[in-house]
**Student:** 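This is the structure I want to talk about, given as structure tokens.
For the numbers below, each heavy atom of this structure counts, side chains included, while hydrogens, waters and symmetry mates do not. A, B, ... follow the sequence lines: proteins, then strands. Residue 1 opens every chain.
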2 protein chains.
Amino acid sequence: MALSLAPIQRPKSLHEQTYDALRASILSGELPPNVRLVETQLAEKFGVSRTPIREAIRQLQREALVTADDSGNLRVATITVADAVQLYDCRLALEQLAVEGACLQASDAQLQCMDDLITQAEQYITPPTSTQYYPIMLELDYQFHRLIAESSGNRWLVMLLEQVFDKMALLRVQTTRSNPRVLEIRFEHRQVYQGILAARRSDHPQAAIAPALQAIQTHLMASKARVVEAVQSLQQTTQN
Amino acid sequence: MALSLAPIQRPKSLHEQTYDALRASILSGELPPNVRLVETQLAEKFGVSRTPIREAIRQLQREALVTADDSGNLRVATITVADAVQLYDCRLALEQLAVEGACLQASDAQLQCMDDLITQAEQYITPPTSTQYYPIMLELDYQFHRLIAESSGNRWLVMLLEQVFDKMALLRVQTTRSNPRVLEIRFEHRQVYQGILAARRSDHPQAAIAPALQAIQTHLMASKARVVEAVQSLQQTTQN
DNA sequence: CTACTGTATACTGTATACAATACCATTAAG
DNA sequence: CTTAATGGTATTGTATACAGTATACAGTAG
């Protein structure tokens, strides 16, 4: 008669909730890059005391989403173009490993889920005012890449990539909100997916990985180029 | 007359010192894996109040050096063989990127420093009681790999690799203290170094990277095999 | 002897208090 | 008019208090 063996829904502690909320505020741009973080203000904003705030900040600091400026004040981190390039290099190295793992281990459910994510993204084809769909596209993009990492079965790979993604998200809130060219990911994602699917279905997956690897590399290189270009053109208009 | 532009030696705050000390205690094995971390005990041990302890723990938790067990108590993390394999995969992906970067960008000083580290390691040739030299070898090993990452000029790569290294160090404190076969790194390191040096000195470094990449791969695969073997033989003797 | 329950104890989560420091503005001195 | 001194305010660093929760132990009923 053991119906619910679930060890009870333990409510998240305040510092965990604070961490989540603060991280979300940063990644959404609500707390924009370089803004100073004042413990007392945040405590009031989230309706908690300073203690949980500090614990949350320490975690974000370790992930480099929060950094200390030269006078020691804590601020939301800013990501430069140089950082973006370096992060893309790390990302490519890690995602190639992820794709390789996915080619060998992805479950049918995971493959199906990838397909769904791409199809969903394809729904949002070229709406004239694509601005409102932009966050959705980004979220779908993130989920797709994360799912590949998860499919590899490598827990640490997921953790490492998540950190890289967070910093890239931070870069995005600094750059233009709407970059129509992001829509190109739809095609590139399908290429990656088909590479993984083909390898997974192949009799000798080990030998059939190459196209998938090539696809993820092409995708990320193109993505990197788009981001760099977007940031640079943004900086020009800013200087005018 | 600006002699010291250094922005003043700001004394580390207690929570930073606590973080360092706690991390060191974990990585050195003084606080062995799976030991329960009790805030009040740690506070007494380090002579501070619970507040800085908590902040330090939160950071270590984010790096997965500290984890919560099923009843929510915080413990020093334990790394399994499966984890080690996955970590080595991540490590190889990242270190190949590091070697590539080092081939293109390492400064003369950095190359010299690599040479020194290897030479130092070679000093400790086969002393009969190698046990006492074991920690030194590990430290030299770590520094060599870290230096390669730094030579790539990729700040994020260094951060990510550092996290991987920490977890591998944690695995090591679980496994046998003295594994004589670690000494083999001396030869393998020199291979890696010579690959990097050759590429760096080459007229077309971009084309001369392959040997260095091959060397780091060989080194890490061999290292992975040694670690896995060591852990497995350890488990056998434990079960007897 | 075993199982249950109550109580003391230990620990964590959170808030708050207090001290030290950095920042800012205003005023006084040169 | 500029610079230095001074006080006040904002903010962080750290300790501690207190409440809620888990854990262990003992005593009691079966």
**Student:** Answer yes if the side chains of B:Arg58 and A:Tyr19 hold a donor-acceptor pair under 3.5 Å, and no otherwise.
**Tutor:** no

**Student:** Whether A:Asp20 and A:Lys12 form a salt bridge (side-chain N of Lys/Arg under 4.0 Å from carboxylate O of Asp/Glu) is what I want to check.
**Tutor:** yes

**Student:** Just the rounded figure in Å: distance from P of D:dG13 to CG of B:Leu14.
**Tutor:** 10 Å

**Student:** Nearest to the A:Ser49 side chain among C:dT16, D:dT12, D:dT23, which nucleotide is it?
**Tutor:** C:dT16

**Student:** Report which part of the nucleic acid B:Leu37 touches: base, sugar-phosphate, or nothing (heavy-atom distance under 4.0 Å, all strands).
**Tutor:** sugar-phosphate

**Student:** Output the rounded distance in Å from CZ (A:Arg75) to C1' (D:dT12).
**Tutor:** 15 Å

**Student:** Measure from CD on B:Glu44 to P on C:dC11 and round the result to the nearest Å.
**Tutor:** 11 Å

**Student:** Taking only N and O in the side chain of A:Thr51, is any of them less than 4.0 Å away from OP1 or OP2 of C:dT14?
**Tutor:** no

**Student:** Check whether the side chains of A:Gln105 and A:Gln110 place a donor and an acceptor atom closer than 3.5 Å, and report yes or no.
**Tutor:** no

**Student:** Is the phosphate of D:dG13, meaning OP1 or OP2, less than 4.0 Å from a side-chain N or O of A:Arg58?
**Tutor:** yes

**Student:** Nearest whole angstrom, please: distance from the P of D:dT12 to the CD of B:Glu55.
**Tutor:** 12 Å

**Student:** Picking from B:Ile26, B:Leu65, B:Leu60, B:Leu161, what satisfies side-chain contact (heavy atoms from CB on, under 4.5 Å) with B:Asp166?
**Tutor:** B:Leu65

**Student:** For A:Arg36 and A:Lys12, take the nucleotide of DNA chain C holding the closest heavy atom to each; which residue's nucleotide lies nearer the 5' end?
**Tutor:** A:Lys12

**Student:** Figure out the CG/C1' separation between A:Leu74 and D:dT12, and round it to whole Å.
**Tutor:** 9 Å

**Student:** To the nearest angstrom, how far is B:Asn73 atom CG from D:dT21 atom P?
**Tutor:** 16 Å

**Student:** D:dG13 phosphate, OP1 or OP2: any side-chain N/O from A:Arg54 under 4.0 angstrom?
**Tutor:** yes

**Student:** Are any of A:His15's side-chain N or O atoms less than 4.0 Å away from OP1 or OP2 of C:dG13?
**Tutor:** no

**Student:** Verify whether one side chain among B:Ser152 and B:Asn154 offers a donor that lies under 3.5 Å from an acceptor in the other.
**Tutor:** no

**Student:** What integer distance in Å separates A:Arg50:CZ from D:dG13:C1'?
**Tutor:** 7 Å

**Student:** Quick check on DNA chain C: between A:Ser13 and B:Gln41, whose nearest nucleotide comes earlier from the 5' end?
**Tutor:** B:Gln41

**Student:** Could you state the OH-C1' distance from B:Tyr19 to D:dT14, rounded to the nearest angstrom?
**Tutor:** 21 Å

**Student:** What nucleotide, of C:dT16, C:dT14, D:dT11, holds the atom closest to the side chain of A:Val38?
**Tutor:** D:dT11

